[in-house]
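Presented below is the structure to which this report refers.
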Protein chains: 2
Amino acid sequence: MTVTLADVAARAQVSPATVSRVLNGNYPVAASTRERVLRAVDELDYVLNGPASALAAATSDLVGILVNDIADPFFGIMASAIQGEIGGPGGRAGGERLAVVCNTGGSPERELTYLTLLQRQRAAAVVLTGGAVEAAPHAEAVAAKLRRLAEAGTRVVLCGRPPVPDTGAVALTFDNRGGARALTEHLVGLGHRRLGYIAGPADRTTTRHRLEGHRAALRAAGIEEDARWTVYGRYDRRSGHEATLELLRRDPSLTAVVAANDSVALGACAALRESGLRIPEDVSVAGFDDLPFSIDAVPALTTVRLPLAEAGARAGRIAMGREEPPPGGITSVRGELMVRGSAAAPRR
Amino acid sequence: MTVTLADVAARAQVSPATVSRVLNGNYPVAASTRERVLRAVDELDYVLNGPASALAAATSDLVGILVNDIADPFFGIMASAIQGEIGGPGGRAGGERLAVVCNTGGSPERELTYLTLLQRQRAAAVVLTGGAVEAAPHAEAVAAKLRRLAEAGTRVVLCGRPPVPDTGAVALTFDNRGGARALTEHLVGLGHRRLGYIAGPADRTTTRHRLEGHRAALRAAGIEEDARWTVYGRYDRRSGHEATLELLRRDPSLTAVVAANDSVALGACAALRESGLRIPEDVSVAGFDDLPFSIDAVPALTTVRLPLAEAGARAGRIAMGREEPPPGGITSVRGELMVRGSAAAPRR
DNA sequence: GCAGTGATAGAAAGCGCTTGCTAGCAGAGT
DNA sequence: ACTCTGCTAGCAAGCGCTTTCTATCACTGC
């Protein structure tokens, strides 16, 4: 029923071996023969059987990209950049590879299961993006999985994610700590002394690093920490909205709200406005990531731009073996402070 | 080097066949035997060889999701919902399936290539999302591909995409025409008579349908069309920005700008503001899709909400054979007009 | 004119798994 | 006691491809 290599071979009057070689192009085949084979392929509308080929060759052309939330442009932009370099169809990369993105939804179990699924498919490479869950049992399970993948010849790249020692995984880490620190320093420089902070989920590396940067800036400015000023939530708008109301309840005198990311900041803006507060006159707001919509907020969001596309592209190239990994397999990618209208000197 | 079924079998003192049956669970195996096998699997840290299994069983557990732009939440939200139902890891679906999203970037060639790649992998199902390219040669090529996929037993579902006749593909289509019409009717009802329209790429079904709906509303209101009022662009913010400046140049007396989607609308807002125009006092703006950030625009965007998550979930279930396809394999999903602050009665 | 040399093509042995069919065996029925 | 039946487990034949090794053939050079 379905066309096989043998059918093509018969039609082209050559052996299956020859057809295989024409298709893979890694063995000399006379031009005339090649043409005959190609014609037969075309006429029969033959499509290689991926599993069979992967089995025989002991390699596959699958590349997995793990993201925490595919509906979040933060990941979408990275995934897009990675995929662009993987080649996938249309990429300038050589053999066509199937770059697939897997949505973990931030769940550690799903992450692990996807990793297993990818291992099962004998993926050529795997790129993990975004913050990792820090809880020890999970972190260790992931490390073990990555080690095993590497052993099986799968290239592993971490993009915007902290290094995982002893796994052979290349890490392009975002300098969340530094970016957050610069951001808060900017606010402090404007004169803010009472700053609320809306953090992400408590067990994520990204959350911790950004919070650490924020606190480092406060400490450097001699501002004493107030436990009421930090609220944990999720990385979405809704969470920013809720958390802001909570912050306002805890301390109505806050002059600035620093959000874990831009979506959260947007939710914060909405909550502030609903509370009758003007931005930035009454309360300044700052985000993180500088996603495309952030510049359209009114006022435009002061935030930290992360080179998502660049980092993704680089991760993609490294995953494809088209670029040298950084020395030591680890490098830190810095963000850039984007000063815009949502943060100004406090007036109260 | 790598552990195989045979290794597990040896360790559990059973035949490979038995191990396979334990793992697939579709054949009676005595409880004691099963347990012994499972223990061996665990001890050896065995991971099934996907390609081998797919080859032997002539099926795979891969489900492909094609999106036009993975960095666009419009697709991200649908993809997320689809993936949630596919089961993937963590889903309540039975056997674990690898739901993968493929980013075509809106390119017809890539779309075709991904389809081939998926066919090559003998995917269990494929879900195509978003508008299709209408150019005849391409549309036909896609139709042929879908037909072939269906023949090979791959379930094909179109989500937010027009039906493709004679392919056996199930279609959950968005009623873009109706939504657009309702939106423009709303604006016209507010008193607008000179409305600019920023369309998407000219060859997309989505673009055409929305534009048709818009024009139908104008016609119904007896408003004569002006060719200057329509500008084509892409589905992104930047395009909205540029197109708006162009519209303003062509006819500074416009009182409303209707955008192809919310991102475009955001760009339009920015351009209007830069041009010294207030929203909605001087110019009303309307979007489409109602993405999460749209409510945070200032003023909040009047737009048409598309049930992206619901449609995606349904598409996912159908792809998994867990829900009956709609009668005739085709159904239209309606949008809902969201009246918000960005559109008001014209003042000039 | 004959061995030597390259260039091409074929034969065949798997790759690791699934599954139809068969075999063994214990308890049930007569 | 003997066949029948139902439950398990094993055998072995592939699934469709890649790749090593070998064979063939046309030249080349002496």
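Note that the coordinates shown come from a computational prediction; the quantities given were computed from them, not determined experimentally.
Atom CZ of Arg120(B) is separated from atom P of dG16(D) by 16 Å (rounded to the nearest Å). To the nearest angstrom, P of dG16(D) lies 16 Å from CG of Leu23(A). As rounded to whole Å, 9 Å separates atom C1' of dG16(D) from atom CZ of Arg122(B).
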Report all side-chain donor-acceptor pairs from residues 48-72 of chain B shorter than 3.5 Å, counting only partners two or more places apart or in another chain.
residue	atom	partner	partner atom	Å
Asn49(B)	OD1	Ala52(B)	N	3.0
Ser60(B)	OG	Leu62(B)	N	3.1
Ser60(B)	OG	Gln121(B)	O	3.4
Ser60(B)	OG	Arg122(B)	O	3.3
Asp61(B)	OD1	Gln121(A)	NE2	3.4
Asn68(B)	OD1	Thr104(B)	OG1	3.3
Asn68(B)	ND2	Gly131(B)	O	3.3
Asp69(B)	OD1	Ala71(B)	N	3.0
Asp72(B)	OD1	Phe74(B)	N	2.9

Can you give the donor-acceptor pairs under 3.5 Å from side chains of residues 18-30 of chain A to other protein atoms, not counting sequence neighbours?
residue	atom	partner	partner atom	Å
Thr18(A)	OG1	Ser15(A)	OG	3.2
Ser20(A)	OG	Asn24(A)	ND2	3.3
Asn24(A)	ND2	Ser20(A)	O	2.8

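Between the side chain of Arg21(B) and the base of dG10(D), a donor-acceptor pair under 3.5 Å is found. Residue side chain Tyr27(A) does not reach the base of dA7(C) through any donor-acceptor N/O pair under 3.5 Å, judged by distance alone.
The shortest distance between the side-chain N/O atoms of Thr18(B) and the OP1/OP2 oxygens of dA9(D) is not below 4.0 Å. For Ser20(B), no side-chain nitrogen or oxygen approaches OP1 or OP2 of dC17(C) to under 4.0 Å. Taking side-chain N and O atoms only, Ser15(A) has no distance below 4.0 Å to OP1 or OP2 of dA9(C).
Remark: Thr33(B), Leu55(B), Ala56(B) in residues 33-63 of chain B come within less than 4.0 Å of DNA chain D through at least one heavy atom.
Within the 4.5 Å cutoff, the side chain of Phe75(A) has no heavy atoms near those of the Leu308(A) side chain. Put simply, the side chain of Thr2(A) does not reach to within 4.5 Å of the side chain of Asp7(A), judged on heavy atoms. At a threshold of 4.5 Å between non-hydrogen side-chain atoms, the residues His138(A) and Leu112(A) count as touching. Looking at Glu85(A) and Met320(A), their side chains never come closer than 4.5 Å, going by heavy atoms from C-beta outward.
No donor-acceptor pair closer than 3.5 Å links the side chain of Arg120(B) to the backbone N or O of Val47(A).
The side chain of Leu5(B) sits closest to dC17(C) out of dC17(C), dA9(C), dC11(D). Checked against dG10(D), dT19(C), dT8(C), the side chain of Pro28(A) finds its nearest nucleotide in dT8(C).
Residue Ala30(B) is the one, among Ala30(B) and Asn24(A), whose nearest nucleotide of DNA chain D lies closer to the 5' end (criterion: closest heavy atom).
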